[in-house]
Amino acid sequence: MVHIFEDNEKHLFEALSNSSDSAYFFASDMKANIAVWSKSAQKYLGLEKECIENIREFWENRIHPDDKELFHGYFDSVLSSHGNHHDIEYRILTATGKYEWLHCSSYIYYDEKGNPDHAAGFIRPLGYRNKIDPVSNLRTVHEFRDNLQNRLQKNDRGAILMFDLINFKKIIDDYSYSFGDRFLYTMGTLLKQALSKEDSIFRMQGSNFAVIIKSCKKSDIQAAFEAIRQVLSHVTVDNIEINQDFVCSATIFPSNGVDVDRLQQNLFYGVEYAKENNSRELVYYTDDLYLQNIRQAQLREAIKKSIRNHFEGFELFYQPIVHSEEKICESAEALLRFHTPELGMVSPMDFIPILETSKDIISVGAWVIEKAMETVKEWQTINPDFKQIHVNVSTIQFHVPGFKKFVFDTLKKYSLPGSALVLELTESCRVKSTAEFAELFEEFKRHGVMTALDDFGTGYASLIVLCDIPVDILKLDLQLTQNFVKHPQHRAILKLVADLCKNGKIRLCAEGVETEESLSLMKNAGADLIQGYFFSKPLPEAEFRKKYIEMT
């Protein structure tokens with residue numbers, strides 16, 4: 001057996017491998033990119049040897065084409081340290097020459113740097129699975145597929161609702177795993193009582209559930225949704241009442257599809273859309289959702305490809321930040337842009353959430369800081385009066401071990417003072433631990449690195465965050481700036497914010513200044529920094545340099 005095992009581990013692996021006819025075990029060295037499979041697994045999969053090299057590439061060649069995106073998402077989450085335990089279901093080419101559904105359960109061990117080190121787990125053909133989920137006492141995903149397939153073959157009409165519990169993990173964290181199991185069992189019992197006897201409810205995976213109803217009338221579909229909402233609003237376990245939030249989507253058959261896989265895919269599209277848009281109403285599948293999901297998949301792949309190719313396609317634009325009195329530009333905000341030949345210029349509203357969800361914002365964000373400091377160094381050789389560049393930083397980046405050192409090392413690399421960099425934390429990030437950020441920002445301040453609170457006025461606790469975190473600059477959200485212009489009765493709020501900044505020795509920057517009127521208003525209110533289309537839209541580096549650095 002290959003070198004990934006110690007002698008005593010070989011015997012343990014062999015014992016596990018021989019302990020079940022229905023589960024096929026594996027263990028892998030993620031850094032060496034090799035995996036070892038049990039003898040029964042070799043037979044089931046038709047492997048020529050026990051050891052597989054180039055795990056991802058090998059597996060990708062055997063996986064069903066329709067499941068490759070799911071598999072890539074799983075593998076990327078492993079590489080991004082998204083938890084130790086992973087469960088996934090997909091179709092794989094077996095020794096029979098046919099694709100078969102299987103359930104893969106794996107446990108990943110990471111090294112001290114957060115890189116995948118070793119993994120172990122098993123795959124189980126779904127033919128061995130029970131018809132009833134023992135935790136919720138609901139029928140399983142395989143029963144769902146069989147039930148739906150039978151209805152389609154009979155040309156039945158109906159609808160399917162899929163709902164996913166939001167933050168179910170919090171129930172487990174707050175109470176226990178066993179409490180979570182009792183919650184699911186109680187919830188399953190209540191749902192069967194609340195829904196029509198003709199409706200069929202299934203536990204799909206984890207906190208994901210589906211209901212097949214016989215009617216395809218929107219009134220009946222909405223009634224089923226409301227019944228689910230009513231049940232989840234108060235599930236009592238051990239005398240503790242739980243109000244569990246959820247998202248839900250619906251698709252109608254056969255009008256939205258005559259294939260089980262397609263209908264199931266439709267539901268996942270709807271659920272993901274509801275999550276991304278924070279919708280708590282019923283989301284119906286549409287072809288637009290399908291096309292949007294396809295574009296999202298293309299965008300995720302384009303981002304991964306870009307990162308592998310040294311951030312090709314990413315670019316920084318710069319928007320001037322101007323003194324309200326002198327009307328001179330000594331600083332700028334670096335704004336990330338992304339484009340590909342296939343997708344064209346992609347809106348930050350589309351690609352930033354993907355970067356944050358995948359945690360690719362860590363590597364891309366580091367590239368932004370590096371690029372911005374390289375640029376400010378170049379500009380200062382041309383125009384010594386230019387002082388600094390503002391860079392948006394996600395809360396995810398602030399939590400990365402070594403982020404602070406990276407910032408200081410980058411400044412040192414380009415022989416720049418700390419004041420050459422302003423780190424902007426978006427207030428809409430909803431900071432949970434202000435004390436943690438306060439300590440970090442104080443250390444940046446001691447090294448001369450300035451900090452700013454961006455998008456002020458968009459979040460739920462703006463004043464509290466401002467009071468707790470020692471920022472140097474407060475940036476009024478562009479919508480707030482424009483509201484002050486349109487609604488004079490709201491300007492008392494502007495005076496309150498301006499006075500707070502003045503007393504706290506915080507510089508006030510007004511974003512979204514587009515007219516002479518808004519410039520005058522913000523200047524008179526005490527904003528000494530102005531940013532907006534009145535002076536310039538964000539510009540590519542060469543254009544900004546020519547206009548504001550070379551001033552030609």
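A donor-acceptor distance shorter than 3.5 angstrom exists from the side chain of Arg62 to the backbone of Leu93, with no hydrogens or angles considered. Side-chain atoms of Asn309 never come within 3.5 Å of backbone atoms of Glu312 as a donor-acceptor pair (strictly under, hydrogens ignored). A donor-acceptor pair under 3.5 Å is formed between the side chain of Asn61 and the backbone N or O of Glu57. Asp111 places a side-chain N or O within 3.5 Å of a backbone atom of Lys113 that can act as its donor or acceptor partner. A distance-only check finds no donor-acceptor pair linking the side chain of Asn147 to the backbone of Glu143 [under 3.5 Å]. With Gln397 contributing its side chain and Ser394 its backbone, the two residues share a donor-acceptor pair below 3.5 Å. A donor-acceptor distance shorter than 3.5 angstrom exists from the side chain of Gln244 to the backbone of Ile166, with no hydrogens or angles considered.
Pairs engaging residues 208-242 under the ring pair (Phe, Tyr, Trp, His ring centres under 6.0 Å) rule: Phe163-Phe209, Phe225-Phe246 [sequence neighbours left out]. Counting only residues at least two apart or in different chains, side-chain hydrogen bond (donor to acceptor under 3.5 Å, both in side chains) contacts with residues 189-200 comprise Arg139-Ser200, Arg151-Ser200.
Of the candidates Phe58, Tyr44, Phe26, Phe26 is the only one forming a ring pair (Phe, Tyr, Trp, His ring centres under 6.0 Å) with Trp37. Here the options are Leu70, Asp67, Leu102, the test is side-chain contact (heavy atoms from CB on, under 4.5 Å), and the partner is Arg91; only Asp67 passes. When each of Ile172, Val135, Leu165 is checked for a side-chain contact (heavy atoms from CB on, under 4.5 Å) with Phe183, only Leu165 meets the rule.
Across Val247 and Arg280, no two heavy atoms sit closer than the pair CG1-NH1, 3.4 Å. Nearest approach of Val364 to Phe311, heavy atoms of both residues: CA-CE2, 3.9 Å. Considering all non-hydrogen atoms of both residues, Ile34 and Cys51 come closest at CB-SG, 4.2 Å. Listed here is the closest heavy atom pair of Met187 and Leu232: SD-CD2, 3.4 Å. Here the closest heavy-atom approach between residue Ala274 and residue Val283 is recorded as CB-CG2, 3.8 Å. Of all heavy-atom pairs between Ile213 and Val211, the closest is CG2-CG1, 3.8 Å.
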Given salt bridge (Lys or Arg N to Asp or Glu O under 4.0 Å), test Lys304 with Glu301 step by step and report yes or no.
CA-CA 5 Å; Lys304 292 292 183 185; Glu301 183 57 35; over 6 Å; no

Leu152 vs Leu148, test: side-chain contact (heavy atoms from CB on, under 4.5 Å). Steps then yes/no.
CA-CA 6 Å; Leu152 292 171; Leu148 184 55; 4.2 Å; yes

Check the pair Phe144, Gln264 against side-chain contact (heavy atoms from CB on, under 4.5 Å), reporting the backbone distance first and the verdict last.
CA-CA 10 Å; Phe144 166 83; Gln264 193 170 345; 4.1 Å; yes

Please step through side-chain contact (heavy atoms from CB on, under 4.5 Å) for the pair Phe268 and Asn208, ending with a clear verdict.
CA-CA 10 Å; Phe268 280 119; Asn208 190 267; 4.2 Å; yes

Kindly indicate, with the supporting measurements, whether the criterion side-chain contact (heavy atoms from CB on, under 4.5 Å) is fulfilled by Ile221 and Tyr284.
CA-CA 10 Å; Ile221 298 170; Tyr284 279 89; 3.4 Å; yes

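In this structure, Ser136 and Tyr185 have side chains that are not in contact, with every pair of non-hydrogen atoms separated by 4.5 Å or more. With a 4.5 Å cut-off on side-chain heavy atoms, Ser40 and Lys43 do not count as touching. Side-chain atoms of Tyr109 and Met30, non-hydrogen and from C-beta on, never get closer than 4.5 Å to each other. By the 4.5 Å heavy-atom criterion applied to side chains, Tyr99 and Pro65 are counted as neighbours. Counting heavy atoms from C-beta outward, Leu453 and Lys475 have side chains that stay 4.5 Å or more apart. In this structure, the side chains of Ile354 and Asp350 stay at 4.5 Å or more apart for every pair of heavy atoms. Taking the side chain as every heavy atom from C-beta outward, Glu89 and Met204 never approach each other to under 4.5 Å. Taking 4.5 Å as the limit, every side-chain heavy atom of Asp245 sits out of range of all side-chain heavy atoms of Asn167.
In summary, Lys214 and Asp156 do not engage in a salt bridge, as defined by a charged side-chain N under 4.0 Å from a carboxylate O.
In this structure, Phe179 places its CZ atom where more than 12 heavy-atom neighbours from other residues, nucleotides or ligands lie under 6.0 Å away. Counting heavy-atom neighbours within 6.0 Å of Lys169 NZ, excluding the residue itself, gives a total of 12 or less.
Atom SG of residue Cys248 and atom CG of residue Asp164 lie 10.0 Å apart, to the nearest 0.5 angstrom. Atom OG1 of Thr186 is separated from atom CG of Asn137 by 11.0 Å, given to the nearest 0.5 angstrom. Here the CG atom belonging to Leu191 is positioned 12.5 Å from the CZ atom belonging to Arg203, to the nearest 0.5 angstrom. Separation of atoms OG (Ser249) and CG (Leu282) is listed at 7.5 Å; rounding is to 0.5 Å. The distance from the CZ atom of Phe351 to the CD1 atom of Ile303 is 7.5 Å, given to the nearest 0.5 Å. Summarising the geometry, atom CD1 belonging to Ile212 is positioned 6.0 Å from atom CZ belonging to Phe253; distances are rounded to the nearest 0.5 Å.
The salt bridge (Lys or Arg N to Asp or Glu O under 4.0 Å) check on Arg300 picks up Glu69, with sequence neighbours excluded. In this structure Ala366 satisfies the side chain to side chain contact (heavy atoms under 4.5 Å, CB included) test together with Phe406, sequence neighbours excluded. Here Thr96 pairs with Thr94, Lys98, Glu100 under the side chain to side chain contact (heavy atoms under 4.5 Å, CB included) rule; sequence neighbours left out.
Checking Asn155 against Arg157 by side-chain atom types alone, no donor-acceptor pair falls below 3.5 Å. In summary, the side chains of Asp133 and Thr140 do not present any donor paired with an acceptor at a separation below 3.5 Å, with no hydrogens or angles considered. Looking only at atom types and distance, the side chain of Glu226 has no donor-acceptor partner in the side chain of Gln230 under 3.5 Å away.
Note: Trp367 and Phe314 have tilted aromatic rings, judged against thresholds of 30 and 60 degrees for the angle between ring planes.
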Could you go through residues 334-349 and list every donor-acceptor pair under 3.5 Å that involves a side-chain atom there, pairing it with any protein atom two or more places apart or in another chain?
residue, atom, partner, partner atom, Å
Thr340, OG1, Glu342, N, 3.4
Thr340, OG1, Leu343, N, 2.8
Ser347, OG, Met349, N, 3.1

